[in-house]
Amino acid sequence: MSHLKFENDVNQLLRLDSAFTDGPAPRWQRKAMETSRRSGPSNNTSLNSSCKNMSLNMSGCTPMKTSNRAPAKTPSHTPGRAKTPKSGRKSKTPGKSKTPGNAKTPKTPMADRFIPNRSASNFELGNFKCNSDKVHVDEEMMSPSKQQYQEAMSENLNGNVVNSKILAYKNKAPQAPEGYQNNMRVLYSQTKTPSSTRKVTRHIPQVPERILDAPEILDDYYLNLLAWSCNNHLAVALGNSVYLWNAGTGDIQQLMSMSGPEDYVSAVSWISEGNFLAIGSSNAEVQLWDVAAQKRVRNMTSQSSRVGALDWNVYILSSGSRAGTIHHHDVRIADHHVATLDGHTQEVCGLKWSPDGRHLASGGNDNLLNIWGYQCTREGNVPLHSLTQHQAAVKALSWCPWQASVLASGGGTADRCIRFWNANTGHCLNTVDTKSQVCSILWSKEYKELITGHGFANNQLTIWKYPTMAKVTELTGHQARVLHMAMSPDGTTVVSAAADETLRLWKCFAVDPHKKPVQKSHPDKKTNTLLRQQIR
């Protein structure tokens, strides 16, 4: 019989769905019994019944194994000894002692670490992602088109697993069956349907629309050899000659040629009406040509060295020379030289009037950017602002078409930055490091964007979003630095001239014909006639 009793005890211990019958009483039951003894026989009946009920209720709970239980603590109150109440304090009433109903609920056990789920983790993918992060790639030097190509290839080859986590702590929810549609998604979705979603980006061709040869174009950073008139005539200086290309018909004609064997054309600029072309030369002359009649109207000789920059403000022609001086020429009068601006110590290579004609920006090889007022006097003027933040020659200059007081300037190889200025205050609004020489800047007339021409190392044209200055795209194809740029009269096409002796036409600012019709420019014939009569 003894072995049967032992087997019965072992079976009871192994059964985890029944209560212990032979084990020690729980601590709360011992507490209740102690309290019942102190309270007297009147309360024994109720407490015993409650203890029996609690023991019956607890019989359904899963008990802890006796081997894993810690030894019971010694009761703090001995039945035969009661604490003597101290003076000034009330003694505890036996009836108000702690009962099982007032016992604190045990706290939920808190985990001290997260344990990954091995079945839900892909260790091969985690090893790949850990090793791929060690490879450093300078994304700033990469073009946006190359970054998009790499992202597309990675998505096609790897799918969405690249975006997954290295360690997983739980299994993923099962995917919905094919063809399942959630009706609540339509109710709680705040995004537009694909049919009504507006197209964010536009298509920009990555190849030029046309390529023209430009033999003997000078590879000189300080010259300005390209200009596009409102009559759709493109003027380009090649060596000692100036050629005109009609963008509408494709006809090419030679306008003029220098007489001296060592002379060359150093700058060209169209008047706003498009019928007169100003030409600067290496022998310090400024010539004015009537394009329609193909004859020289006048020759202005006030500079002492080659004229590398020209720009118009109505009837005032401004010229910058290698000596660092800027002359204002009034083409209506015989004594054309009306003002001299002495603000540069080296060659003036950039010259731009603001659209409202109130400010003139000049950049030089002395790393200075000067902003002048519109007043013209014969005495030497002091610039409104002399800005010295650029660390190289400042040639690229362009005024914002919709904010007349905002000027964009670009520095040479040692600077490589595009800076935006407030012409009224002289404060720098923003600076962007382009990682390459900035040779030219143009603002778009249709979009809030600008395009820049660069030199080493990629010889690219970059389109920027203003004012965030995020790269929209890069146009590559030139084999040498992009020296000059000009924009078509309708603002849709940009022509770039590079040291590789080619002209490339990029249709990068095309207008959607369904949204806005392209406006053709019609110059005022009456104004042209009056100006032609006034030029002497």
Side-chain angles (χ1 to χ4, degrees), residues 218 220 222-225 227 235 237 240 242 255-260 262-273 275-291 295-353 357 359-366 368 370-384 386 394-395 397 531-536:
L218 298 179
D220 195 330
Y222 304 99
L223 305 183
N224 294 270
L225 308 177
N240 61 350
V242 175
L255 179 65
M256 56 84 65
S257 181
M258 303 293 296
S259 57
E262 300 297 330
D263 297 336
Y264 57 88
V265 178
S266 53
V268 291
S269 179
W270 290 98
I271 198 170
S272 58
E273 287 77 12
N275 54 343
F276 290 98
L277 179 67
I279 300 174
S281 60
S282 60
N283 56 5
E285 293 181 352
V286 178
Q287 301 180 12
L288 196 61
W289 283 77
D290 186 349
V291 177
K295 67 175 183 179
R296 187 176 67 181
V297 178
R298 65 183 306 175
N299 189 25
M300 298 174 285
T301 57
S302 61
Q303 296 282 7
S304 59
S305 57
R306 77 171 184 183
V307 179
L310 294 169
D311 200 39
W312 289 85
N313 185 14
V314 193
Y315 51 83
I316 298 295
L317 175 63
S318 301
S319 62
S321 68
R322 176 178 279 179
T325 59
I326 300 173
H327 289 184
H328 290 330
H329 310 272
D330 191 341
V331 298
R332 302 171 301 172
I333 59 179
D335 191 6
H336 56 86
H337 184 201
V338 295
T340 300
L341 307 180
D342 294 319
H344 294 277
T345 58
Q346 297 187 34
E347 182 172 8
V348 177
C349 51
L351 209 57
K352 283 293 179 182
W353 279 96
H359 298 97
L360 173 66
S362 63
N365 194 31
D366 52 2
L368 283 180
N370 291 330
I371 299 179
W372 310 82
Y374 64 92
Q375 297 87 356
C376 294
T377 58
R378 290 186 178 274
E379 294 80 13
N381 290 330
V382 177
L384 298 177
S386 186
V394 183
K395 176 195 175 184
L397 297 172
L531 189 59
R532 183 180 288 106
Q533 293 175 357
Q534 293 174 356
I535 293 179
R536 298 181 180 180

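Since this is a predicted model, take the numbers as computed values, not measurements.
- Partners of A227 under the side-chain contact (heavy atoms from CB on, under 4.5 Å) rule, at least two apart in sequence or in another chain, are V268, W270.
- With salt bridges taken as basic N to acidic carboxylate O contacts below 4.0 Å, none links D263 and R306.
- Taking every heavy atom of both residues into account, A235 and L277 meet most closely at CB-CD2, 4.0 Å.
- When atom types are taken as modelled, the side chain of N275 and the backbone of D290 share no donor-acceptor pair closer than 3.5 angstrom.
- The side-chain heavy atoms of L288 and H329, taken from C-beta on, include no pair separated by under 4.5 Å.
- Every residue was checked against the side chain to side chain donor-acceptor pair (under 3.5 Å) condition with D311, not counting sequence neighbours, and none meets it.
- At least one side-chain heavy atom of I279 sits under 4.5 Å from a side-chain heavy atom of V242.
- Of all heavy-atom pairs between A267 and A309, the closest is CB-N, 3.9 Å.
- The backbone N or O of V331 sits less than 3.5 Å from a side-chain atom of R298, completing a donor-acceptor pair.
- Under the rule for a side-chain contact (heavy atoms from CB on, under 4.5 Å), the partners of N240 that lie at least two apart in sequence or sit in another chain are S257, M258.
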Going through the distances and angles, do V338 and H327 end up as a side chain to side chain contact (heavy atoms under 4.5 Å, CB included)? CA-CA 8 Å; V338 295; H327 289 184; over 6 Å; no
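- Between L384 and H359, some side-chain heavy-atom pair lies under the 4.5 Å cut-off.
- The closest side-chain heavy-atom distance from E285 to M300 is not below 4.5 Å.
- Close placement of the H328 and W353 rings is indicated, their centers lying within 6.0 Å of each other.
- When every heavy atom of L351 is checked against every heavy atom of S362, the shortest pair comes out as CD1-CB, 3.7 Å.
- Interatomic distance, SG of C349 versus CG of D366, reported as 8.5 Å (0.5 Å rounding).
- Note that NZ of K352 is 6.5 Å distant from OG of S269, once rounded to the nearest 0.5 Å.
- For S305, the side chain to side chain donor-acceptor pair (under 3.5 Å) test picks out no residue, with sequence neighbours left out.
- A heavy-atom distance below 4.5 Å is found between the side chains of L360 and L341.
- Qualifying side-chain contact (heavy atoms from CB on, under 4.5 Å) partners for N365, counting only residues two or more places apart in sequence or in other chains: Y222, Q346, A393.
- With no hydrogens or angles considered, a side-chain donor-acceptor pair links Q303 and T325 at under 3.5 Å.
- Side-chain N or O atoms of H337 include one that pairs as donor or acceptor with a backbone N or O of A339 at under 3.5 Å.
- Partners of L218 by side-chain contact (heavy atoms from CB on, under 4.5 Å), not counting sequence neighbours, listed by chain and number: L223, L225, Y264.
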Evaluate the side-chain hydrogen bond (donor to acceptor under 3.5 Å, both in side chains) criterion for residues S302 and H336: first the C-alpha distance (whole Å), next the side-chain angles of each, then the deciding distance (0.1 Å), finally the verdict. CA-CA 9 Å; S302 61; H336 56 86; 4.8 Å; no
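- When all heavy atoms are compared, the tightest approach of L310 to S319 is CD2-CB, 3.4 Å.
- Closest approach of N299 and Q287 over heavy atoms only: OD1-CG, 3.4 Å.
- Contact check for S386 versus L368: side-chain heavy atoms found under the 4.5 Å cut-off.
- A 4.5 Å side-chain heavy-atom check between W312 and S272 finds every atom pair outside the cut-off.
- Annotation for I333 and D335: closest pair CD1-O, 3.1 Å, computed over non-hydrogen atoms.
- Residues V297 and W289 fail the side-chain proximity criterion, which asks for heavy atoms closer than 4.5 Å.
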When you look at L317 and V286, which way does the side chain to side chain contact (heavy atoms under 4.5 Å, CB included) test go after all the steps? CA-CA 10 Å; L317 175 63; V286 178; 3.7 Å; yes
